[in-house]
Amino acid sequence: MDTDLENPMMSVVTRMSAGIVLLVALTLPMSAAAQSNQLKDHPVPYLALHGDDPIHWREWGPEVMAEARQSNRIVLLSIGYFSCHWCHVMQQESFQNPQIADFANRHFIFVKVDKEMNPLLDEAMMAFAQATTGRGGWPLNVFVTPDGLPMHALLYVPAEQFQEVLVRIQTVWESDGDRLQELINRLPWGDEPSPVEKLERDDITRTLVAARQQVLERADFFQGGFGSQRKFPSTPQIAYLLALQEVSPSEETRDFLLTTLDAMATLGLWDHLAGGFFRYTVDPGWEIPHFEKMLYDNASLANLYLDAGRILERDDYGQVARDTLDFMHRFMWQDGALVSSLSAVDSNNVEGGAYLWHAEELQQLLDEEEFAMAEAAWNVARPAELEAGNHLRRVRSADEVASRLGRDIDEVNDTMAQIEGKLLKARISREVPVDDKLVSGWNGLALEAYCKAAHRYPDSDYADTARRLYEFLTARAMSVTGDEVTLARAVVGGIPRGDGALEDYAYVARGLYQWARYGGNPGDLELAAKVARAGWAMGFDDSGWRRSPGLVRTIPEKVPVIEDGPTLSPSASLLLTSVLLAEELKDEDWLRQLEDRIPLGFSQVKSAPYWYSGQLMTLLNVSESTFQQAPKQ
């Protein structure tokens, strides 16, 4: 499953959920009116992928829940995304299975959701899944009652198990629906309390210092990254440690950062031919990735490596950032902005097929001297580790290759560049499906990265790319009426589609702020502030951040602070950007209002700092001179 680190929640809730789905005898299916698959030729690529399934897929909307109430049928929200490996597997095994489709079409309302178009719905259902199962990932399948209460969640399962779950849930709903509804109603729907604590600078300082050790408790100091199974970039956590390292240096932190940043940029997470980062690796040693490439990962990591190059004084990290930005522009640029992802499977439906090589193929493409150098650098002659071949990853540095082959370092670099050019030329003929949605928020992250890179490298073309992203966001993804700003979630097929999510407002405001500082004019600061204020208005009230998307509920429905995901928490990002804007615009009233919101969720941040690294980084940035007297560690 495409999943981040597990985040266990309340065991009582887990037991409640486990009791909902009971083993019962199979009953005869009830009849239902014939429907059709509504996703055929849909403009959103992920939904269109399911257009030929025998499932009668619906698109999410209020009419789905109205039909569910009228027919008293359970709704299955099946949430995934275009480049998700296990989403494709479950489609092939279950959603294209005629027997499963026949049962599903008669008893359920199946709704296919692109999580990238409906991030709030995805977050709500993920919160329920994590609260009741202790796990999260995609494909995320959540069964919802006709009145909008989620009742059971599961990730990828084989077809036989999925069919068993369908039968069990339908049987219980048909035979004992009242009892099932009673059990569901006992789940802790409602809001978490949001106590506002009075914070002193010493409180923040102590928390930031203590949080560093708590975050590092999850660290793999030997191989880099966090955890001992899959390895994700964990950008918010690394960014927090990096920001803290700048103001309060620690040898332990520095060693971990160097180990992690080196591993991500030299092993299997990195594409050594075209540049850019894959989503994650399936092993703890950063060797074999799932091969999707996401815009939000690459934009965030470009930002991270730009900062790491400056803070850790490593010019090669700056080059990693540049290679990432160059990859994004070369392979993800389309229609004036950057597409959301490149698929993990190639056009022949082979996982990683576009990136893998058999030794025999390389011997045909390279001459004898080049193959010897490729073998020294990448160990390409090893037996195929995957069906489609081997993934290129550095096993020796250029210096080590030079020493091993008795060559000059400049000769090694020149020959390796020649090898990479040959292989990339051969690889370009391999087709990789593209999800061509132009997501507003992710292009906001990219705008931030290109602005920072343009400032760092003034002789580059990054300023021009930043300008074009700014024009896309302001002219095509945004609508401005006076002081009111609205964002589309994405531009698809040239048309704005979907309402902007909180992350869109947070990341676009962040990008516009950087543009105003490095390439824009004073009016752009005002525009960034309008976008930030719109984000607060649509996502926040005095009791916290809203997580329920309206038609369904989650556990809890509001939170005082939002956890980090693959990208920086939108609540943390919006808070920090708003403070910076208020300071630049000398808006004292807004600044006081924002300062009152800084303590929200402080107890959650202290108790689980790994999951709130973005909020910690915000606290670090908004606490002026916090570490002037802090001890060096």
Side-chain angles (χ1 to χ4, degrees), residues 2-4 7 44-47 59-61 77-84 87 111-130 136-142 144 150 153 235-236 279 292 294-297 299-300 338-341 435 437-446 473 477-478 486-492 496-511 531 534-540 544-555 557-559 561-574 611 614:
D2 297 312
T3 176
D4 285 317
N7 182 14
V44 174
Y46 176 63
L47 300 184
E59 190 172 3
W60 176 242
L77 295 176
S78 180
I79 304 172
Y81 59 103
F82 182 85
S83 57
C84 165
C87 299
V111 178
K112 177 53 68 175
V113 177
D114 182 342
K115 85 178 189 73
E116 298 171 357
M117 288 298 294
N118 292 273
L120 187 58
L121 178 63
D122 174 60
E123 181 185 347
M125 296 301 98
M126 187 64 70
F128 174 79
Q130 290 179 325
W138 298 274
L140 172 61
N141 301 284
V142 182
V144 177
T235 309
R279 178 72 192 95
E292 62 262 45
M294 314 300 299
L295 173 57
Y296 60 74
D297 277 328
S300 299
L338 294 156
V339 300
S340 63
S341 68
D435 186 339
K437 297 191 308 291
L438 308 176
V439 177
S440 299
W442 302 351
N443 277 279
L445 291 174
L473 290 169
M478 182 185 301
T486 57
L487 286 172
R489 173 57 180 168
V491 174
V492 186
R497 295 183 184 274
D499 296 330
L502 179 62
E503 69 173 35
D504 294 303
Y505 288 89
Y507 302 154
V508 169
R510 190 180 181 95
V531 174
W536 285 100
M538 63 90 64
F540 182 84
W545 296 94
R546 292 186 286 275
R547 290 209 298 182
S548 288
L551 298 175
V552 292
R553 299 176 67 181
T554 191
I555 304 173
E557 295 193 82
K558 292 180 184 176
V559 291
V561 63
I562 298 174
E563 295 177 356
D564 294 311
T567 56
L568 185 69
S569 158
S571 66
S573 181
L574 191 59
W611 301 104

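What you see below is based on every heavy atom in this structure, not just the backbone, and it leaves out hydrogens, waters and symmetry mates.
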**Student:** Under a 3.5 Å distance rule, please check whether Tyr505 uses its side chain to pair with a backbone N or O of Leu487 as donor and acceptor.
**Tutor:** yes
**Student:** Residues in salt bridge (Lys or Arg N to Asp or Glu O under 4.0 Å) with Asp297, at least two apart?
**Tutor:** Arg279
**Student:** Test Val439 against Asp504 for side-chain contact (heavy atoms from CB on, under 4.5 Å), laying out the working first.
**Tutor:** CA-CA 8 Å; Val439 177; Asp504 294 303; 4.0 Å; yes
**Student:** Using a 4.5 Å cut-off on heavy atoms from C-beta on, say whether the side chain of Val144 contacts that of Leu551.
**Tutor:** no
**Student:** Is the backbone N or O of Met125 less than 3.5 Å from a side-chain atom of Thr554, with the two atoms forming a donor-acceptor pair by type?
**Tutor:** no
**Student:** Is Ser571 reaching over with its side chain to a backbone N or O of Val561, donor-acceptor style, under 3.5 angstrom?
**Tutor:** no
**Student:** State which residues pass salt bridge (Lys or Arg N to Asp or Glu O under 4.0 Å) with Lys437; sequence neighbours excluded, sorted by chain then number.
**Tutor:** Asp114, Glu116, Asp435
**Student:** Determine the sole option in Asp122, Val111, Asn118 for which the side chain to side chain contact (heavy atoms under 4.5 Å, CB included) test with Ile79 is passed.
**Tutor:** Asp122
**Student:** Mind checking what makes salt bridge (Lys or Arg N to Asp or Glu O under 4.0 Å) contact with Arg547, not counting sequence neighbours?
**Tutor:** none
**Student:** Contact between Pro570 and Trp545 at the side-chain level, heavy atoms closer than 4.5 Å - yes or no?
**Tutor:** no
**Student:** As an exercise, state the distance from CZ of Arg489 to CG of Asp499, rounded to the nearest 0.5 Å.
**Tutor:** 11.0 Å
**Student:** Under a 3.5 Å threshold, yes or no: a donor from one side chain and an acceptor from the other, between Ser340 and Tyr81?
**Tutor:** no
**Student:** Given side-chain contact (heavy atoms from CB on, under 4.5 Å), test Val552 with Phe128 step by step and report yes or no.
**Tutor:** CA-CA 11 Å; Val552 292; Phe128 174 79; over 6 Å; no
**Student:** Would you verify whether the NZ or CZ of Arg510 falls within 45 degrees of the ring axis of Trp442 while also being under 6.0 Å from that six-membered ring's centre?
**Tutor:** no
**Student:** For residues Asn141 and Ser78, is any side-chain donor paired with an opposing acceptor at under 3.5 Å?
**Tutor:** yes
**Student:** Supply the atom-to-atom distance Ile555 CD1 to Ser548 OG, rounded to the nearest 0.5 angstrom.
**Tutor:** 9.5 Å
